[in-house]
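One-based numbering, in listed order, for ligands and for the atoms of each.
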Amino acid sequence: MNSPEQLSGEDTVVQAVPKQLLIGGKWCAAETDSTYDVEDPSNRQRLCAVADATANDGLAALAAADDAQHSWAQHPPRARGEILRRAFELITQRHEDLALLMTLEMGKPLAESRAEITYAAEFFRWFSEEAVRIDGDYAVSPSGTGRFLVMRQPVGPAVLITPWNFPMAMGTRKIGPAIAAGCTMVVKPAQQTPLSMLALAAILEEAGLPDGVLNVVTTSSAGQVTEPMLRDGRARKLTFTGSTAVGRTLIEQSAEQVLKTSMELGGNAPFLVFDDADLDAAVDGAMLAKMRNVGEACTAANRFYVHADVAEEFSRRLAERMSALRIGRGVSDEIEVGPLIDARQLDKVDELVTDAVERGAKVVLGGERDDTRGHFYQPTVLTEVPTDARLRREEIFGPVAPIATFTDESSVVAEANDTEYGLVSYLYTRDLQRGLRISEALDTGMVGLNQGVVSNAAAPFGGVKQSGLGREGGKIGIEEFLETKYVAVGGL
Ligand code: NAD
């Protein structure tokens, strides 16, 4: 049970968030006045209701973004950067309240919510510094009679669709570079976690973002609201984080107006442990790569391949660490693992484990759901997982570590690459040459080399194959929101 102080803290942070749509600088109800409920996944209790936008609301938000685009693009880069910097400072000041809010709507424990708020704020700090570094080029034409000017300009109004697993960081990772580049936008947060985004929008307003630059539409019918925006012609850019299936549909919808698209999609990360690995570091890395966000991360380790000589010890140590984790409602500081986001996600994890066990996998730890109160699943370790088990091919998005063994380097690299996904791989070895050789051979956009977390605002995050298009963060992150214009200067 919560103490009365905790309850009032929870009520206060939820009450403080606007529950309406933000369109053209005005908080407003949906055109039908409809709302939908937001639930706490740890106990299925209703937290509040938020506006349930329709397709017309989405188009009104896009119209506001389009109206604001011209003047926003003229806003000096330094001024755009300073708004982001102020927002970074406001997020930092309100760290605790924002963390509690995130825990309530998403379920992750407070310590993880705090880490996400810090990570989310870093995108604003990073892109506040990038806004003033947009530059171009000048060249003498090869014949010497002309000049080439190359300029970078904002791509135009953008549609941003964000997921529930990192409700604030996946927002700032897109909003930061859009603001820095001079793009206006319509954001559609995930249905399950709108509150962190609404709180962020209020912070950006307070930081001085002009009306219409950021518009937010919350909705329980995502596709019906976003499809008309993508087909409208006023949007020029789509950036999406979520499942590969939805990403593919959105790419198809974006084809009509030939939108510039960025896609951060699913993953199926292999985690390789060689016989010369520092096993303490490998187990620490595995805990991060598997248990961060209760495995609900596109970067989560999905398949462990451990050298046969160290497999037993690694599996035993990982199971010991996972069995010691305290599971529960994340608002208490001692809780380390929260619930899954919803019943659908819980069913999916349960199905994948049942399938693996039916095909011969051994349960070393866990393997059970607990949905008496919320959507909980026990931390689970499976060994002897056969290659035909569905969880070797599908994204688990839950606290399940399937372990297989290997002896041969080239075969394990081939197995690691045998997936349509290509977001991230992890690899533990003390042999530098092997580390670099395998990093080059892995077909993923990112590699964690003796490192269990790759996310960093200053680094280019993204995948290859069906894990996505484009990169977010780092120097390259702003490129996704810029067009290149070349001016041919003649008569010289
Ligand atoms: P999803 O792809 O359905 O949802 C992500 C976002 O897309 C949300 O904002 C959602 O409202 C929106 N969306 C859903 N359908 C849409 C549509 N037709 N048009 C426009 N927007 C739409 O993901 P999910 O169903 O919440 O989760 C399912 C699986 O997706 C997970 O099990 C996981 O494998 C994967 N996933 C990956 C990430 C990631 O970070 N790459 C994030 C969330 C989910």
Considering only non-hydrogen protein atoms, determine which one is nearest to [atom] and report residue, atom name and distance to 0.1 Å.
atom                    : answer
atom 40 (O) of ligand 1 : N165 ND2, 3.2 Å
atom 30 (O) of ligand 1 : S243 CB, 3.0 Å
atom 20 (C) of ligand 1 : T226 OG1, 3.0 Å
atom 33 (C) of ligand 1 : E395 OE1, 3.3 Å
atom 36 (N) of ligand 1 : F397 CZ, 3.6 Å
atom 17 (C) of ligand 1 : G223 CA, 3.7 Å
atom 26 (O) of ligand 1 : W164 NE1, 2.4 Å
atom 24 (P) of ligand 1 : R344 NH2, 3.4 Å

Give a yes/no verdict on whether any heavy atom in K188 is under 4.0 Å from an atom of ligand 1. yes
Has F240 got any heavy atom lying under 4.0 angstrom from an atom of ligand 1? yes
Contacting atoms of ligand 1, where contact means under 4.0 angstrom from a heavy atom of [X]:
X    : value
A190 : 8 (C), 9 (O)
T241 : 5 (C), 39 (C), 40 (O)
E264 : 41 (N)
L265 : 41 (N)
T162 : 6 (C), 8 (C), 9 (O)
C298 : 39 (C), 40 (O), 41 (N)

Once the angle between the rings of F271 and Y428 is folded into 0 to 90°, is it parallel (under 30°), tilted (30 to 60°) or perpendicular (over 60°)?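 Ring orientation, 0 to 90° scale: parallel.
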Please determine whether a side-chain nitrogen of the Lys or Arg among [X] and [Y] lies less than 4.0 Å from a carboxylate oxygen of the Asp or Glu.
X    : Y    : value
R44  : E39  : no
R392 : E415 : yes
R359 : D355 : yes
K108 : E116 : yes
D211 : K26  : no
D40  : R329 : yes

Proximity to ligand 1 by part of [X], non-hydrogen separation under 4.0 Å:
X    : value
I161 : side chain
K348 : side chain
F166 : neither
L250 : side chain
Q345 : side chain

Verify whether the ring centers belonging to Y119 and W126 lie closer than 6.0 Å.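 No - the distance between ring centres of Y119 and W126 does not fall below the 6.0 Å cut-off.
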I need the minimum non-hydrogen distance between A286 and F304, along with the two atoms involved. CB-CE2, 3.6 Å
Taking all non-hydrogen atoms of both residues into account, name the closest pair between I83 and A207 and its distance.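 Looks like O-CB, 3.6 Å.
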Compute the shortest N/O to N/O distance between [X] and ligand 1 and return yes if it is under 3.5 Å, no if not.
X    : result
T249 : no
A222 : no
P163 : no

Within a 6.0 Å radius of atom CD on E420, are there more than 12 heavy atoms belonging to other residues, nucleotides or ligands? yes
Does the pair V217 and M229 meet the rule for a side-chain contact (heavy atoms from CB on, under 4.5 Å), with working shown? CA-CA 12 Å; V217 287; M229 287 195 256; 4.3 Å; yes
Hey, does the side chain of S34 reach the backbone of D52 with a donor-acceptor pair shorter than 3.5 angstrom? no
Below 4.0 angstrom, counting only protein heavy atoms, does anything approach atom 3 (O) of ligand 1? yes
Between E122 and R125, does a salt bridge (Lys or Arg N to Asp or Glu O under 4.0 Å) hold up when you go through it step by step? CA-CA 5 Å; E122 278 307 318; R125 178 153 65 172; 2.7 Å; yes
Stacked cation flag R173 on F461, 6.0 angstrom / 45 deg: yes
